[in-house]
Amino acid sequence: LRSKRVKTSSDTAELSKVAEAASNITNLRYFDEDKARRFEWFFPTYLELHEGDEAGKPFELMPFWRQAVRQLFGWRNAAPGRMYGARWYRNFYLYIPRKNSKTTFLAGLILAIPMIEPEQGGQIWIAASTEEQAGILFDFAKKFVEGSPDLLLIYRVGAEELEHVETRTRIRFMSGAPKGKVGTGP
C-alpha cells in the first residue's frame with residue numbers, strides 16, 4: 001500500500017520559491033528583435049558563398065542557423081547595472097552533423113560580431129585541435145572578406161590575422177596543442 005503524502009505549508013512555500021525564481025529569470029532578460037535581425041541580415045547582405053553549387057550567391061541562413069542566431073544574439077540581460085544589454089547567452093556549443101555548413105556559418109559569425117557588437121581592441125580566437133583545422137575556418141572568413149568590396153573597407157587582411165579597422169578587433173587562429181603556444185593569446 002502507498003501512503004498518501006499530505007501537502008504541508010513548507011511544500012507550498014517551496015513551490016512559491018520555485019515560481020518566484022522562474023519569474024525573476026524572465027524579468028532579468030529581454031529579447032532585442034533589432035539585434036537579432038541585424039545578425040540575420042548580415043549574412044546575405046555581406047557574405048557571398050565561394051564554394052560548391054551555391055558559389056557566387058548570397059549566404060542565406062538555413063532555418064536552424066537563423067534560429068541559433070536569433071537565440072544567441074537576441075536575448076539580452078535586463079538586470080540593472082553594468083551588464084544591462086549584454087548577451088544573455090555567453091557560450092555557444094555546436095553539435096551539428098557533417099555537411100551542414102558549420103565552417104561557413106562560423107566564418108560569417110566571427111565577421112559579424114565586431115560589426116554588430118563592437119568592442120575596442122577585442123580578440124576573436126579560432127581554436128581547434130590542430131592548427132590546420134583552425135586555419136580552415138580562418139581561410140573561410142578571409143575569403144568572405146576578400147570577396148566583398150564592402151568588407152574589404154571594414155577589415156584589414158593579413159596572412160594570419162583579420163582586423164576590424166574601426167575597433168581594432170583582431171581575428172586569429174591557433175591550435176589546442178600546447179607546444180610553442182605560451183604567451184600568444186588567451
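Fair warning: this is a prediction, and the values are worked out from it, not measured in the lab.
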Distance from [X] atom [atom1] to [Y] atom [atom2], nearest 0.5 Å?
X	Y	atom1	atom2	value
E119	I124	CD	CD1	9.0 Å
F173	I110	CZ	CD1	11.0 Å
S101	E54	OG	CD	9.0 Å

Under the rule for side-chain hydrogen bond (donor to acceptor under 3.5 Å, both in side chains), what residues qualify as partners of Y89, not counting sequence neighbours? R29

T169 meets the side-chain hydrogen bond (donor to acceptor under 3.5 Å, both in side chains) criterion, sequence neighbours left out, with T167

For a side chain to side chain contact (heavy atoms under 4.5 Å, CB included) check, start with the C-alpha distance between D32 and Y30, then their side-chain angles and the critical distance, and finish with the verdict. CA-CA 6 Å; D32 185 338; Y30 66 94; 4.0 Å; yes

Among pairs that include at least one residue of [range], which meet salt bridge (Lys or Arg N to Asp or Glu O under 4.0 Å), considering only residues two or more places apart or in two chains?
range	result
residues 102-114	none
residues 135-158	R156-E163
residues 41-53	none

Which pair of non-hydrogen atoms, one from F138 and one from A159, has the smallest distance, and what is that distance? CE2-O, 3.6 Å

Taking all heavy atoms of V145 and all of Y155, pick out the closest pair and write down the distance. CG1-CB, 3.9 Å

Begin from the C-alpha positions of W125 and I171 and carry the test side chain to side chain contact (heavy atoms under 4.5 Å, CB included) through to its verdict. CA-CA 6 Å; W125 283 92; I171 300 168; over 6 Å; no

All N/O donor-acceptor pairs, side-chain side in residues 111-118, below 3.5 Å, sequence neighbours left out:
residue, atom, partner, partner atom, Å
E117, OE1, R87, NH1, 2.4
E117, OE2, R76, NH1, 2.9
E117, OE2, R76, NH2, 2.3

Once you measure the plane-to-plane angle for W41 and Y46, does it fall in the parallel (<30°), tilted (30-60°) or perpendicular (>60°) bin? perpendicular

Applying the 4.5 Å side-chain criterion to the ILVMFWY set and letting contacts propagate, would V157 and V165 be lumped into a single cluster? no

Evaluate the side chain to side chain contact (heavy atoms under 4.5 Å, CB included) criterion for residues F42 and L47: first the C-alpha distance (whole Å), next the side-chain angles of each, then the deciding distance (0.1 Å), finally the verdict. CA-CA 8 Å; F42 176 85; L47 306 178; 3.9 Å; yes

Show me the side-chain donor-acceptor pairs of residues 56-75 shorter than 3.5 Å, one per line, residues at least two apart or across chains.
residue, atom, partner, partner atom, Å
W65, NE1, N100, O, 3.0
R66, NE, E40, OE2, 2.9
R70, NH1, E33, OE2, 3.1
R70, NH1, E40, OE1, 2.8
R70, NH2, E33, OE1, 2.7
R70, NH2, E33, OE2, 3.0
Q71, OE1, W75, NE1, 3.1

How would you list, by chain and number, every residue that makes a salt bridge (Lys or Arg N to Asp or Glu O under 4.0 Å) with E161, sequence neighbours excluded? R170, R172

Residues clustering with F140 (ILVMFWY side chains joined when closer than 4.5 Å, directly or via others): I136

The criterion is side-chain contact (heavy atoms from CB on, under 4.5 Å); which residues satisfy it with [X], sequence neighbours excluded?
X	answer
L106	F92, L94, L109, L137
N91	Y93
Q133	A128, S129, T130

Yes or no on side chain to side chain contact (heavy atoms under 4.5 Å, CB included) for I154 and H164, after CA distance, side-chain angles and deciding distance? CA-CA 6 Å; I154 297 167; H164 184 258; 3.4 Å; yes

